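Okay, structure first, notes after.
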Amino acid sequence: MPLDTSTYSLALLRIDGRRWNDLRRLHAQIHTQDAADGSSYLEMGHTKVMCVVTGPAEPQAGQKKGTVGSAQATGQKEGASIVVNVVVAGFSSVDRKRRGRNDRRIQEMEITIQKALAANLHTHLFPHSTITVSLHVLSQDGSLLAALINATTLAVIDAGIPMTDYITACTAGSTSSYAAGDDAADPLLDLNTQEEQELPYLTVGTLGDSDKVAVLVCESRVQVSRLEGMLVVGVDGCKQVRRLLDGIVKQKGRKMIKEGAVRRSDMMAVSLDD
Amino acid sequence: MANQQTLLSPAELAYLHSSLSLSPPIRPDGRTAKQFRPLTAETGILPGTNGSARVCLADGTEAIVGVKAEIEKTVDPLGGEHYQEYVKSASGAGGGDAEEDKRGARGEWLEMTVEIPGLRDDDAGTVFLAELLREALLADGEFAKKLWINRRFHWRLYLDIILISPPLSYPLPLLSLTTHLALLSTRLPRLKSEGDEDPMFDDDWEASPFLYPRQGAAAGSRPPITLLVVAVGDSILFDPSKEELAVADSALAVSLCEVRTQKGDESMEVDSGRELRLVSMRTVDPPSRLTPPGVPSTGNFAASGTFDPSSQKKQQQQQQRVEEYPQEGVWKAPLGGTRFAVLDSIIRAVLEKGGVADEVLDGLEGVDLS
């Protein structure tokens with residue numbers, strides 16, 4: 001479905017009425033499910049994902065040998081291994097499309113998330129155990145990998161697994177396609193499906209408030225001169241996402257203290273009133 | 001899935017079994033025999049689908065069902081001749097009887113998939129679950145007729161069931177209840193074209209009718225629900241937990257649907273009770289069959305503390321005897337099929353007025369359909 005992006009230069013507004021550096025509505029919940037160790041639900045625009053984290057737990061029989069369709073941590077004898085499963089629901093896209101577990105795209109997302117987690121979780125604290133991350137895609141409208149990474153971060157925080165900092169991700173694109181030689185191309189933040197299909201884009205994930213890039217995936221052809229601008233916008237978007245996620249985590253923490261699930265300690269640095 | 005092993009010792013299994021076969025049974029979570037676990041449910045959670053629902057059981061298991069519909073051209077299995085005939089009769093009689101035509105509706109128009117995290121999608125247990133639920137839906141033969149548009153086109157309905165949580169207990173009742181709610185909230189666009197024209201639909205979603213209409217003359221049957229019932233000794237238990245399933249003598253998946261019959265003008269009294277109809281029944285292989293048997297302390301020299309090589313033969317004989325005759329307090333995996341009396345009492349318990357099925361359906365009716 002080709003998208004007519006020529007109108008962008010007229011009003012500098014995108015198809016859904018956003019400016020170039022606007023994020024879509026981000027809504028998230030932590031601890032959506034009681035049976036799991038950690039869980040989260042995240043919406044970025046119309047992209048909706050759920051994440052369930054189980055573990056750190058003793059590896060199940062058969063999992064050691066490498067389950068089909070899941071990304072396995074390799075070369076981690078001492079630390080916990082991380083298994084990521086992504087399930088894309090058949091009803092998630094506009095036209096119903098069933099994707100098997102062995103779909104290449106899904107496998108690549110699994111491996112990307114698994115590697116990002118393996119580098120930033122303190123897995124050495126849980127030797128000989130497994131952390132299983134199951135992700136469910138309920139509805140997709142662009143920035144899928146970014147939404148999955150953000151949901152995973154929230155669920156891992158809910159599970160209480162120590163990590164160096166938040167891993168937050170978002171996408172960045174460019175308003176003109178690869179072949180077009182216009183120099184006035186604007187970078188775009190947080191693309192939806194229509195834009196993703198038409199324009200070059202990349203997914204970038206950063207660690208906390210720093211500029212450290214933890215994940216960078218680009219599958220489309222981009223002119224090198226535009227890459228820097230896209231990356232800057234993407235990293236800036238990640239910081240915005242981090243602030244939003246941090247707000248959600250703190251809100252949940254406040255609620256837990258108010259409900260008495262966690263004891264208020266003298267060491268508490270954050271004031272509850274703000 | 002049902003064969004998932006629980007880590008219970010033979011002594012624990014025997015204890016569970018004997019406390020569950022008491023009258024009234026004592027269940028580990030303190031429920032009565034016919035009590036369902038509480039659940040929370042919501043529908044219409046995904047605007048991108050024709051119908052969707054989410055159900056969370058009290059033990060934390062959670063499932064999401066999404067329904068998507070697509071238009072498909074009806075291919076005549078008889079190679080087109082049949083259609084020609086239809087056209088002739090239709091032009092002759094000035095439009096055939098729609099009810100008559102709907103007999104061509106086929107069950108394969110409904111496709112169902114179950115996704116359970118950590119299991120392959122072609123896992124035998126998963127496929128069995130999907131087929132079990134599909135069979136119950138199609139059993140009354142009315143469902144496929146709802147998908148009929150005209151003689152040339154029909155709806156193809158995709159029902160995708162996702163278990164979000166790790167499978168803690170056998171997820172059959174959860175998936176069935178979620179499917180029930182998703183189907184109740186399913187809407188298909190309103191047809192604007194007439195007869196056998198290429199279908200045209202009203203693009204106003206608010207005007208679209210429900211797949212299962214609730215009020216008015218069209219209000220008829222409801223989608224079925226499937227309950228998991230186990231028999232332990234002489235007691236019949238509904239909605240078993242994982243531990244209860246591990247000691248079950250037999251497990252049955254019973255599907256029933258609610259039928260709303262239109263009453264004549266003479267009986268205008270308030271419709272007090274619903275009519276339940278059994279649509280299908282399947283035995284589920286309980287994991288108890290794979291459990292190792294217990295050893296009585298008489299045959300266990302680790303317990304008696306004496307080891308006499310001369311008595312070894314005697315012990316072997318004892319061992320044999322143990323296998324033949326069940327002993328009180330010693331676990332022995334159930335063998336053989338389900339007795340007829342047990343089947344009978346299960347069906348009675350399920351169809352009983354004001355029983356579990358009524359309770360569950362009342363609960364589901366309370367869910368706000370959006």
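As the structure is a computational prediction, the values presented were derived from the model and not from experiment.
Proximity of E62(B) to M50(A): side-chain heavy atoms (C-beta onward) are separated by under 4.5 Å at one or more points.
Within the 4.5 angstrom heavy-atom criterion, no atom of R156(B) approaches chain A. Proximity to chain A (any heavy atom under 4.5 Å) is restricted, for I162(B), to the side chain, taken from C-beta onward. Heavy atoms of S39(A) lying under 4.5 Å from chain B are absent altogether. With a threshold of 4.5 angstrom between heavy atoms, S165(B) approaches chain A through its backbone and through its side chain.
Note that CZ of R96(A) and OG1 of T113(B) are 5.5 Å apart. Values are rounded to the nearest 0.5 Å. In this structure, the separation between CD1 on I45(B) and NZ on K48(A) is 8.0 Å, given to the nearest 0.5 Å. We find the CG-NZ distance between D95(A) and K68(B) to be 7.0 Å, quoted to the nearest 0.5 Å. R54(B) contributes atom CZ, which lies 9.5 Å from atom CG of L138(A) (distance to the nearest 0.5 angstrom).
Enclosure of atom CD in E72(B) by more than 12 non-hydrogen atoms of other residues, nucleotides or ligands within 6.0 angstrom is indicated. Applying the 6.0 Å contact sphere to CZ of R105(A) captures no more than 12 heavy atoms from other residues, nucleotides or ligands. More than 12 heavy atoms of other residues, nucleotides or ligands lie within 6.0 Å of NZ in K252(A), so this atom counts as buried by the packing criterion.
T61(B) and Q33(A) make their closest contact through CA-NE2, 4.3 Å (heavy atoms, listed as atom of the first residue, atom of the second, distance). Nearest heavy-atom pair across A35(A) and D59(B) is CB-O, 3.6 Å. Contact detail for F91(A) and V65(B): the closest heavy-atom pair is CE2-C, 4.3 Å.
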